[in-house]
Amino acid sequence: MTTLTVTIRENVQHNGPSNLVLHASGPEFVLGGMEIIVNEMIFTHAHSTVYRASISGPGNIVLKLCFEEEHLDDLKKEAENYQTVLQGLRGSVVPEFYGFYMGQDADNRPIGCIVLEDCGESVEDMFCTLEIKDKMGILDKLGKMHMQNLHPVDFAERNVVHRDGQYRLIDFHGLKDHRCEFDGNWHEQDSRPIKFPCRVLHEIGIEEFVLWKHKSLTPLVTVAGYSVYEIEDYPSQDMIDKLTPEGFYSIPTNQKWLCEWLRKAKVIMDEDKDREELSWTVEELTHIEPMPKFTSP
């Protein structure tokens, strides 16, 4: 049975045991018998924590660890997806997969671990603000996944990683079986295509990436530091500035939530056609449509 020895450095933020012995669960891969040193925590959320680690060979790897038994099924499902429906996309559209491993902590509670190729850092900017070559680099990967009749449940900036201009999609405990007729042509040089073979990709191209040319390419309003072209969906710039919380932490997730809320606020204000827009207060609008709880630094 393939065994991994994992040591988490003292300076790495971590809530579980610092020394792990993990055994392969399922097919065995090339990392068996190697000592792995965890150097950095990349991201943590409810069902797992992601670390960057070094091995005795060249390059780094990524460990996705689960210390909570109630979330272990999600990690097992992701490992299963890598071994089955994603197998033909590994190393090109998604990271290479080096196995699923299990162990126990000092209280005999199960620990799960997926080992993956290190494909770099998550995208920090919103999709719509990226250069066209970067937009197409990401959409090419998503399109290839659709051509395998798959769609990731949580397609977002945090789940796209990149290094040296190469992009990979990550986080696959949720995948949709998506029967798709997309043929690989995004028509990115065209005006917004009326007929597009996949409704899901069409909406992503319009709403997430602002891919196709608009009548005006001049940004008309700015929301939390990025430009918005669909001016008819938003309040005026003065009202946007008034409604944006003081000290707003401008990261992609917060920006998306704020944009969604501003569009809803616009609908509310438009219903009272006799009232001046700037006479509305944040308190009035949040009473009708509560503002999201934004992530803090």
Side-chain angles (χ1 to χ4, degrees), residues 77-78 80-97 116-117 119-120 122-163 165-220 226-234 252-253 255-257 259-260 263-264:
K77 182 61 180 177
E78 183 167 4
E80 178 185 333
N81 286 335
Y82 273 109
Q83 293 170 6
T84 54
V85 293
L86 295 175
Q87 187 170 14
L89 302 175
R90 285 164 30 190
S92 58
V93 174
V94 306
E96 186 53 81
F97 171 77
L116 299 169
E117 174 190 9
C119 295
S122 294
V123 171
E124 293 183 353
D125 299 319
M126 294 185 72
F127 290 140
C128 63
T129 68
L130 300 175
E131 299 290 335
I132 185 63
K133 64 179 179 63
D134 296 303
K135 290 182 179 181
M136 296 314 304
I138 297 167
L139 290 173
D140 173 68
K141 306 303 181 184
L142 183 62
K144 287 178 177 176
M145 185 169 285
H146 271 239
M147 292 169 73
Q148 297 297 316
N149 295 315
L150 299 169
H151 180 74
V153 170
D154 192 12
F155 177 67
E157 289 86 352
R158 66 183 175 276
N159 290 329
V160 179
V161 294
H162 64 105
R163 173 179 285 126
Q166 298 297 313
Y167 290 90
R168 298 288 186 271
L169 309 184
I170 59 172
D171 197 3
F172 300 114
H173 64 275
L175 274 175
K176 290 182 180 178
D177 183 14
H178 173 73
R179 299 300 164 187
C180 188
E181 297 181 0
F182 179 64
D183 60 3
N185 187 354
W186 281 94
H187 301 278
E188 66 270 18
Q189 300 301 323
D190 299 342
S191 298
R192 183 181 297 179
I194 296 174
K195 293 183 179 180
F196 197 81
C198 174
R199 178 186 58 80
V200 175
L201 293 180
H202 192 210
E203 290 179 357
I204 288 173
I206 293 171
E207 297 177 5
E208 300 286 335
F209 284 80
V210 193
L211 179 61
W212 294 289
K213 297 177 180 178
H214 290 68
K215 294 179 180 178
S216 170
L217 290 179
T218 303
L220 297 175
Y226 87 97
S227 302
V228 172
Y229 298 88
E230 308 285 359
I231 188 172
E232 66 275 8
D233 295 335
Y234 288 84
T253 303
Q255 290 170 336
K256 280 188 177 181
W257 290 341
C259 285
E260 291 172 1
R263 290 195 293 266
K264 293 175 182 178

Worksheet item: Hey, does Met145 have a side-chain heavy atom less than 4.5 Å from the side chain of Phe155?
Response: no
Worksheet item: Going by heavy atoms in the side chains, are Val93 and Gln148 under 4.5 Å from each other?
Response: no
Practice prompt. Given salt bridge (charged side-chain N to carboxylate O under 4.0 Å, His left out), test Glu157 with Lys256 step by step and report yes or no.
Written response: CA-CA 11 Å; Glu157 289 86 352; Lys256 280 188 177 181; 3.2 Å; yes
Worksheet entry | Side-chain donor/acceptor of Arg168 to backbone N/O of Ser92, under 3.5 Å | yes
Item to complete: Could I get the full list of side chain to side chain donor-acceptor pair (under 3.5 Å) partners for Glu203, not counting sequence neighbours?
Response: Arg199
Worksheet item: Partners of Glu117 by salt bridge (charged side-chain N to carboxylate O under 4.0 Å, His left out), sequence neighbours excluded?
Response: none
Worksheet item: Which atoms form the tightest heavy-atom contact between Pro95 and Leu116, and what is the distance?
Response: CB-CB, 4.3 Å
Worksheet item: For the residue pair Gln87 and Gln83, what are the closest heavy atoms and their distance?
Response: OE1-O, 3.4 Å
Worksheet item: Does some side-chain heavy atom of Lys135 sit less than 4.5 Å from a side-chain heavy atom of Phe127?
Response: no
Worksheet item: Taking the side chain as C-beta and beyond, is there a heavy-atom pair between Pro152 and Ile170 under 4.5 Å?
Response: no
Practice prompt. Give me the ring orientation class for Phe196 and Trp212: parallel if the planes are under 30° apart, tilted from 30 to 60°, perpendicular past 60°.
Written response: perpendicular
Worksheet item: Taking only residues two or more places apart in sequence or in another chain, which ones pass salt bridge (charged side-chain N to carboxylate O under 4.0 Å, His left out) with Asp125?
Response: none
Discussion item. Quick check on Glu260: does its CD atom have over 12 non-hydrogen neighbours (other residues, nucleotides or ligands) under 6.0 Å away?
Written reply: yes
Worksheet item: Is the closest side-chain heavy-atom distance between Tyr167 and Asp134 below 4.5 Å?
Response: yes
